[in-house]
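Chain letters run A, B, ... following the sequence lines, proteins first and then strands; every chain starts at 1.
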Protein chains: 2
Amino acid sequence: MAGKVEARRAALREKLVELAEAQIVAEGLGSLKARQLAKEAGCALGAIYNVFEDMTALVLEVNGRTFQQLGATVRGSLEGAEHLDPNARLIRMSHAYLGYAADNTHLWRALFDVDMSTENAVPQWYMQALGELFALIAAPLAELFPEKDRDELSLMTRALFSSVHGMVLLGLQQRISGVPRDQIAEMISQVLGQIGKN
Amino acid sequence: MAGKVEARRAALREKLVELAEAQIVAEGLGSLKARQLAKEAGCALGAIYNVFEDMTALVLEVNGRTFQQLGATVRGSLEGAEHLDPNARLIRMSHAYLGYAADNTHLWRALFDVDMSTENAVPQWYMQALGELFALIAAPLAELFPEKDRDELSLMTRALFSSVHGMVLLGLQQRISGVPRDQIAEMISQVLGQIGKN
DNA sequence: CAAACACATTGAACGTCGTTCATGACTACC
DNA sequence: GGTAGTCATGAACGACGTTCAATGTGTTTG
């Protein structure tokens, strides 16, 4: 009967992550409460802390899954698009990013809204997943700007990612500059369409 | 002796806004606490709620000032730059936006981090101040794209603002894509430099 | 000027939050 | 089957924004 405890903990861990994800999907990160979560999982309040360092760690676990999905979505947008010119590929990826964010707004927002102030260590998988995303962007850019060196390409990559992120972020939120999804896509096309033209 | 109460309330209101602003400047929006604020202002905890609907209303007051400063900064960046081509003016404004955000990070972040979920009514001055900012961007764009109609220009304006905002946002925060300020400026120049070229 | 009323101010108390930890229960090993 | 060690439990803690009965002050009237 060895490992009974570990099995139980692993099961609880899994259940908590799934319930937390469901809650974030349904009502956003701000609605995720430890007590409610424990009740839904049928466990004690304190049990959460046997399995996760704190609530932030639990959210980071959810974010890990989200990042996987987001990465897969962006990567998938390139399938069957290898023949397109670099510019069109950039736009496809950006539209995929927009699509994921629009269809999974709460999960996507949790990626950026989670508290990372205290934990000075951003999880390494966070940076790695981001690096993979950046690599997808860098490839078409390298074709567009063959004369640029590694550092210049890296900067351009970050610039474009941040640009698209900004348009999606503000476009999706009512407050600042809320706009229908088609128009966000149009904005992205307009801005990215100019890249590399000279 | 009529109006003694109102004078006191007005003075308290002013003092609270200034203390709140100082606190946000020093340690960010998340560090602003009602009890600490009351202590610093030398008033009762409940006194805050005699003068403001809730803490969010107080923060919105601070944000009002911030928006004024930000607008003035961006507007000021155009002084003596009227002779520059539209593209260069866009870049100047964007660099001014970056400069304000970098020099007043906490105040600037409060503009976007304040809770506006419950209060369905975004203050009208919020939208107005934003509209003025957008107008500054729209002017050079209208020169760059004389063939575009009002709606197209509006979309382009929002697109560029959001792009620049995204680059500044992610560039200034350690987490995602933190980068020295010069490099953020360089990113902006790269992206905006392409606009309107064809 | 004084008295009585209206209203502003107060801070203890409320409900909620994340997190902790003494206690009691259960597992694992002999 | 008994015992030592480990784990789960949920009441309790401190901090938070917010409220409201009680207290104090300003204003008005006789």
Q) Would you call B:Glu143 and B:Arg89 a salt bridge, using N to O less than 4.0 angstrom? A) yes
Q. For the side chain of A:Tyr49, counting heavy atoms from C-beta on, which of D:dA12, C:dA12, C:dT20 is nearest?
A. C:dT20
Q.
Taking the minimum atom-to-atom distance to the side chain of A:Ala44, which one of D:dC16, D:dT19, D:dG10 wins?
A. D:dG10
Q. B:Ala47 has a side chain; which of C:dG18, C:dT10, D:dC16 sits nearest to it?
A. C:dT10
Q. Rounded to the Å, how far apart are B:Leu37 CG and C:dG11 P?
A. 15 Å
Q. Taking NZ, NE, NH1 and NH2 as the nitrogens, is one of them in A:Glu14 or A:Arg65 under 4.0 Å from a carboxylate oxygen of the other?
A. yes
Q: Keeping the roles fixed (side chain from A:Glu152, backbone from A:Asp149), state whether a donor-acceptor pair exists under 3.5 Å.
A: yes
Q: Round to the nearest Å and state the distance from B:Phe52 atom CZ to C:dT9 atom P.
A: 13 Å
Q.
I want to verify a distance call: between C:dA13, C:dT19, C:dG18, whose nearest atom is closest to the B:Leu45 side chain?
A. C:dA13
Q.
Distance check needed: D:dC16 P versus B:Gln23 CD, whole Å only.
A. 11 Å
Q) Side chain of A:Cys43: nearest nucleotide among D:dT18, D:dT9, D:dA11? A) D:dT9
Q) Touch check for B:Leu58, heavy atoms < 4.0 angstrom, all strands: base, sugar-phosphate only, or nothing? A) nothing
Q: Considering only NZ, NE, NH1 and NH2 on the basic side and carboxylate oxygens on the acidic side, decide whether A:Glu61 and A:Arg13 come within less than 4.0 Å.
A: yes
Q) Could you give the CZ-to-C1' distance, from A:Arg35 to D:dT9, as a whole number of Å? A) 14 Å
Q.
I need the NZ-P distance between B:Lys33 and C:dC17, as an integer number of Å.
A. 16 Å
(Q) As a test of understanding, state which of B:Tyr100, B:Phe134, B:Phe112 forms a ring-ring contact (aromatic ring centres under 6.0 Å, His included) with B:His165. (A) B:Phe112
Q. Given atom NZ of A:Lys39 and atom C1' of C:dT16, what is their separation to the nearest angstrom?
A. 13 Å
Q: Take the protein atom CG of A:Asp115 and the nucleotide atom C1' of C:dC17, then report the distance between them rounded to whole Å.
A: 14 Å
**Q.** Atom pair distance, as rounded to whole Å: CG in B:Leu32 and P in D:dG17
**A.** 8 Å
Q) Can you tell me if the side-chain N/O atoms of A:Asn50 get under 4.0 Å from OP1 or OP2 in D:dC7? A) no
Q: Looking at every strand, decide which applies to B:Leu12 at a 4.0 Å heavy-atom threshold: base, sugar-phosphate, or nothing.
A: nothing
